[in-house]
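Take a look at the structure set out below.
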There are 4 protein chains.
Amino acid sequence: MVVDLRGFKSAKERRVGVEKELQIKLQNIASYAFDEAIVSSRNCENVIGAIHVPLGIAGPLKIINDQSYYLPLATTEGALVASVNRGCKAISLSGGATVYVENVGMTRGPVFKAKNLGTAMKAEIWIEENFKYLAKIAASTSSHLKLLKADYKVLGRNLFVRFYFDTQDAMGMNMVTIATEEMAKIIEQKTKATCVSLAGNFDIDKKPAWLNFILGRGKKVWAEVVLPKKVVGEILKTTPEKIAEVVERKVHLGSILSGSLGFNAHFANIIAAIFLATGQDPAHVVEGSLGVTDAEILENGDLYFSIYLPALMVGTVGGGTNLATQKEALSIMGVQNSKEFAEIIAGAVLAGELSLLASLAEGSLARAHERLGREKR
Amino acid sequence: MVVDLRGFKSAKERRVGVEKELQIKLQNIASYAFDEAIVSSRNCENVIGAIHVPLGIAGPLKIINDQSYYLPLATTEGALVASVNRGCKAISLSGGATVYVENVGMTRGPVFKAKNLGTAMKAEIWIEENFKYLAKIAASTSSHLKLLKADYKVLGRNLFVRFYFDTQDAMGMNMVTIATEEMAKIIEQKTKATCVSLAGNFDIDKKPAWLNFILGRGKKVWAEVVLPKKVVGEILKTTPEKIAEVVERKVHLGSILSGSLGFNAHFANIIAAIFLATGQDPAHVVEGSLGVTDAEILENGDLYFSIYLPALMVGTVGGGTNLATQKEALSIMGVQNSKEFAEIIAGAVLAGELSLLASLAEGSLARAHERLGREKR
Amino acid sequence: MVVDLRGFKSAKERRVGVEKELQIKLQNIASYAFDEAIVSSRNCENVIGAIHVPLGIAGPLKIINDQSYYLPLATTEGALVASVNRGCKAISLSGGATVYVENVGMTRGPVFKAKNLGTAMKAEIWIEENFKYLAKIAASTSSHLKLLKADYKVLGRNLFVRFYFDTQDAMGMNMVTIATEEMAKIIEQKTKATCVSLAGNFDIDKKPAWLNFILGRGKKVWAEVVLPKKVVGEILKTTPEKIAEVVERKVHLGSILSGSLGFNAHFANIIAAIFLATGQDPAHVVEGSLGVTDAEILENGDLYFSIYLPALMVGTVGGGTNLATQKEALSIMGVQNSKEFAEIIAGAVLAGELSLLASLAEGSLARAHERLGREKR
Amino acid sequence: MVVDLRGFKSAKERRVGVEKELQIKLQNIASYAFDEAIVSSRNCENVIGAIHVPLGIAGPLKIINDQSYYLPLATTEGALVASVNRGCKAISLSGGATVYVENVGMTRGPVFKAKNLGTAMKAEIWIEENFKYLAKIAASTSSHLKLLKADYKVLGRNLFVRFYFDTQDAMGMNMVTIATEEMAKIIEQKTKATCVSLAGNFDIDKKPAWLNFILGRGKKVWAEVVLPKKVVGEILKTTPEKIAEVVERKVHLGSILSGSLGFNAHFANIIAAIFLATGQDPAHVVEGSLGVTDAEILENGDLYFSIYLPALMVGTVGGGTNLATQKEALSIMGVQNSKEFAEIIAGAVLAGELSLLASLAEGSLARAHERLGREKR
């Protein structure tokens, strides 16, 4: 009874086919700004159109020793843009955020099956001893990719490998998958271990995991700001003490009691909104929800406020970054490369955390949601 | 030097202001299908336009005792729609997926500060003893909301509460925040405990956490299918044994070694694509990445394949579901309510897991990405 | 070449056999105060003698509304008894510890295999509907045992059950295993599900797990004390602020960064020493290492200090509690039942945490270990 | 009313004092084989006597390319020695266990407080750049100690360090504490960062933690054995398939659903019994409960069975190893050094896991406990 989509050659044909079949109208989905041919071959199969996500703008956000940035945020959740915006203001008035980025590298990791513990361990040794050779093979698959290092875990007769790659300004998942396949072939030949799966979950991609929290993945980012008491009072309508108390009781103790890997208020909201706006992989919001927010009262009564994300997965080329609207959103930040992009995200997360925690401290969260809410119908 | 966005009254004014200020062009972002006034008041502040995300379609997917569904998937990651599509075919040819949904309820949970352990415990007892009264207060804030139950944790002089609400067909975060504020006021009055934060991370929202894995949040969903050996061979190009081996070594052992809460291949990809298509909150991909995929070889050699998600956060009303394109995407599935929506997502996740794990078992992952890749430049 | 131990009938014969075979002397092991016949049939097979563990004494420790207790601590780790002793003194001088105990119950949990998701869920429903019947069966296996409740988890065609039992003053592992076997037989008959393992790790025994942290196992215990600034200075040689800082940076942040389930300084040391002294199962130190220590500065500058253990496994009868020396150690506390015993342990853990954290705050840890060290040779 | 223990000079005086005060008799505790003066100064303050723990013997256990060993097990839990013994027999009849040990090193890790993110990162760089200098300082505190490497984590203005040390044949906690204090003094001087706590829980000692699971602590150990179908049937009374099924459903899936870090049956029981027998620190049973048991059916139908422990903390000198009975227990194994000791423990854990899992597979667990139970009264 249902129509076979394979018969159709274009988004329009498919859309019309579905409309007929299901007796529905899809006229809004029909409008999009990207090139169907390119998108069909690179980003999405069986395209029928596009989803439009509202794009708001927050900022400017001052980053110390750098400049000020506007933040493009794609979201359907009322209050988020306003909240980040307020955080940006408080940070900028406090002199700006200090940010740090460390490039850990994209990971991909096969699982091999050997005859026993001993042969699995020998396979590990072979990889370590031939690392330069493997790096050459990896490099031969793309000029944008460099094999950096590997971690290993032998369990029974399984060898789990976690390769780390520098993928320049791309998030790089496809690159590293292709490179890993080439390396895995050689490893199979040389060690007689069998590659059971090119991705063995010791990578570990798009699943929350202590491995990524502890060892990092993609980029580690940090941001901090010292907020004078006065700015906290005037912009955030609360006190440093109240914010620090919410951080301690909610963000630390509450997360501890929940068995969480996210000791923060809402990293995921800010990450999701920037990722959507700029064509990042939204499933990497999972990694972006990991990390810690901290706050301290300094001796002079000011608020020291900081965030840390161990596994930020971003790129300024590849993936969805080439689509028309996403490219424009990236241009709003004017970023030159993925490191600068990560720095701005660190600042944005700092702003978002600060503002929501201040709302909670002040007691205005529910009112903000009532005013800017989404479930009115 | 940077322009103050507050001076602008419309998306166009704001967009033009940013274009001038930054010397960039945002013509593609300028096109969108939603109502600016509504979106500005409910979904996104400081709107300047929209991001267009390609929408692909997979299916039909047969759900046992129900019907067949097309799946709307918004993504910029090549190979995902094709992969889910293949999974749908294998499942449908095997007679369809069996799915189950349990409504756990949306959670919101304040943290209170009492004088000491004893008064914190007394506050807990007060809440338990006055639960019907609190439920009445909660119900008075919305006709779509019902307080179901609560969990508690006393730590030092802190009382953490986790209220569970039935929010009908809405995801319901705003509703439950407003209801919780009203209840918290009463609890403060009656128990003399202070509400430090309306959301105390014992809820726990948009952070990966064992609490949500163990107790559930939103909806728990399960899906299973029995795949004849022949279907596995013809559609998935591999064998039941190879798929079961990848599940064991990668999905179970690899995730164990990674300290993960996601014992699956890529739940997050399918969840993200459906969430984006249908106006769900993309930060809830975090909860959607939790869960377990399992596989077994049955005595007759067929493959028993199943998935379980403990914390699926979805709604068919509210949030981004009212936007024009998102509403159309929902209409493709023709869902009547959030329970049916959750069932289809369970089936979609089953299809996505099956297909990727088969690719890994067969060894074709890298080739698929090479063909449908995203980093070509 | 090696001797077969089965030929021997007594500890002495076995010991002499081993001495001859290995050309060693075991004269110290030969001395013990327990009844060999009883121990051989209940506590330890193939007995050859005993290990002597030094027993120290700390206290008195004042528990509010109760009395003062000496604490028997069996340990070979220098500085532990002295440290707990100092904590007892500080607490007692501050008016004593307040303690709370909640009996969660001992757990045992089989895993059943059903035909599919649906039959696994039906088996769960059968258990729920016939709970009183099962409770009667459980009660019939021991007059000291009462089935309290159950938690369930269906995963694929597996049904995991977690039965909770009141085992009176026994830790009760054997009791609940026997009762669970009887219940499992009935469940198999009635539901056609197969019991794959009587203990399915959803219990979960002697493995660190969020399930036990979140839901509790055995007994949950809390303790708190308010220490005047003066007592902190005079007895603990530091300040409330310094202790609170160590708690925040080490116990909370350090544990967070380590992916820990133990947000404390050294619960395990105190638990191990009391467990050894009183004949508890030392493998339950694993559960005893779970939990949280917290500290706050009160408005008047005093130190509010508290501990929480979600899974304390103790008994005052059964197991090793009947052995001569262990019985005497229990008599030092004069406990009437397992609840009172758990209360004293809560106080002891409070004392141990307080003292070590004060040492760390003061900077004297290394010096204490240098003085009371164990590796001098 | 309570007597002040400080007035007493000997175990006897203290014991008599307590007996009088509490009107109890402690005659069994009064008997012990250790030297009171040495124990008082090194192992236990306020000594009043000793606890006698029954010592059983299991084995012989054949280790491949090595020899056969008897295992000393101190326990009060009936059935444990018998169970390990049966595992030893099955392994020995199968040709013996293969074992591997990797020395990761004992960890100790201070937390420093700097002015901000930048100065905390600079302190990390200073430590890295002056690592040889610090290693020299560490080495100057003990001729048995060598600083190996360090891991770092910056969070806000905190720098967490995790130093790894080779401590030769000692477990080495005291040594590394003393060495770390000397290094911390220098780091404070040179970097202006303040050492808040000598142990910052990034070490992380005696608390279950993913950090230790993932990076290892003390020694990592592995063991494996291939059991012919016939041995499984004759000695373990079950089949390879049944054991593999219990491993999959209980040990893997059950632990996954419990949020566990112990994917095993009862590592902790065997570790606790050997630790007690040989004078190890029983609080390190916590680390010893971490790890994974795995099983597979080989093509010929034999059972491949393996265990992995990432964090085994053992020594053959120092701590309680010098006490008379503990020294004798060590002599039963005739171990030359801590590496050989760790190998035997790996084999013992393999034996214990195999036997209990076979009991569960066969369905005889409850009966064994009924026969060898502890709660009969």
Side-chain angles (χ1 to χ4, degrees), chain A residues 2 24 26 28-29 32-33 39 43-46 50-54 56-57 60 74 76 81-82 174 177-178 181 197 200-202 204 206-211 246 249-250 254-255 258-262 268-269 272 282-283 285-286 289 318-320 324-325 328 331 360 366 369 373-375, chain B residues 2 24 26 28-29 32-33 39 43-46 50-54 56-57 60 74 76 81-82 174 177 181 196-197 200-201 204 206-211 246 249-250 254-255 257-262 268-269 272 282-283 285-286 289 318-320 324-325 328 331 360 366 369 373-375:
Chain A
V2 287
I24 56 174
L26 303 175
N28 291 296
I29 281 175
Y32 47 86
V39 158
N43 300 98
C44 186
E45 300 80 43
N46 285 353
I51 294 296
H52 297 188
V53 185
I57 195 156
T76 59
V81 176
N174 284 347
T177 301
I178 292 162
E181 184 174 48
S197 174
N201 275 19
F202 195 60
I204 175 176
K206 299 171 179 174
K207 273 85 67 183
W210 277 108
L211 190 67
V246 174
R249 296 192 201 266
K250 167 199 173 72
S255 301
S258 301
S260 186
L261 291 72
N269 276 333
V285 171
V286 174
S289 70
T325 53
E328 287 177 5
S331 78
L360 288 165
H369 277 262
R374 31 202 154 146
E375 284 132 10
Chain B
V2 287
I24 56 174
L26 303 175
N28 291 297
I29 281 175
Y32 47 87
V39 158
N43 301 98
C44 185
E45 301 81 43
N46 286 352
I51 294 295
H52 297 187
V53 185
I57 197 155
T76 59
V81 176
N174 284 348
T177 301
E181 185 174 46
V196 174
S197 174
N201 275 19
I204 172 175
K206 299 172 180 174
K207 274 85 65 182
W210 278 109
L211 190 66
V246 174
R249 298 193 201 267
K250 167 200 173 72
S255 300
L257 293 175
S258 301
S260 185
L261 290 73
N269 277 332
V285 171
V286 173
S289 69
T325 53
E328 287 176 6
S331 78
L360 288 165
H369 278 262
R374 26 197 157 148
E375 284 132 10

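Nothing here was measured: the structure is a model prediction, and the numbers come from that model. Numbered from 1 within each chain, the chains take letters A, B, ... in sequence-line order.
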Interface check, chain B: of A:Ala272, A:Ala268, A:Pro208, most non-hydrogen pairs under 4.5 Å belong to A:Pro208
Side-chain (A:Ser258) to main-chain (B:Asn201) donor-acceptor, under 3.5 angstrom = yes
Examine whether an atom of A:Ala324 lies under 4.5 Å from a heavy atom of chain B, and if so say whether it belongs to the side chain, the backbone or both; otherwise answer neither.
-> both
So, the side chain of A:His52 versus the backbone of B:Ala50: is there a donor-acceptor pair under 3.5 Å, distance only?
-> no
Heavy-atom contact with chain B under 4.5 Å, split by part of A:Leu261 = both
Side chains of A:Lys250 and B:Val196 in contact at under 4.5 Å (non-hydrogen atoms) | no
Do you know the tightest heavy-atom contact between B:Ser331 and A:Ile24?
-> OG-CD1, 3.5 Å
Can you measure from CG (B:Leu211) to OG (A:Ser260) and round to the nearest 0.5 angstrom?
-> 9.0 Å
Could you tell me which non-hydrogen atom of A:Thr76 sits nearest to which non-hydrogen atom of B:Asn43, and how far apart they are?
-> O-ND2, 2.8 Å
From A:Ile57 CD1 over to B:Leu26 CG, what is the distance, rounded to the nearest 0.5 angstrom?
-> 7.5 Å
Mind checking the CD1-OG1 spacing from A:Ile51 to B:Thr325? Nearest 0.5 Å is all I need.
-> 4.0 Å
When A:Gly262, A:Ala33, A:Pro54 are compared by non-hydrogen pairs under 4.5 Å with chain B, the top option = A:Pro54
Using a cut-off of under 4.5 Å on heavy-atom pairs, state which of A:Val286, A:Val53, A:Leu360 scores highest against chain B.
-> A:Val53
Heavy-atom proximity to chain A below 4.5 Å, by part of B:Ile29 = both
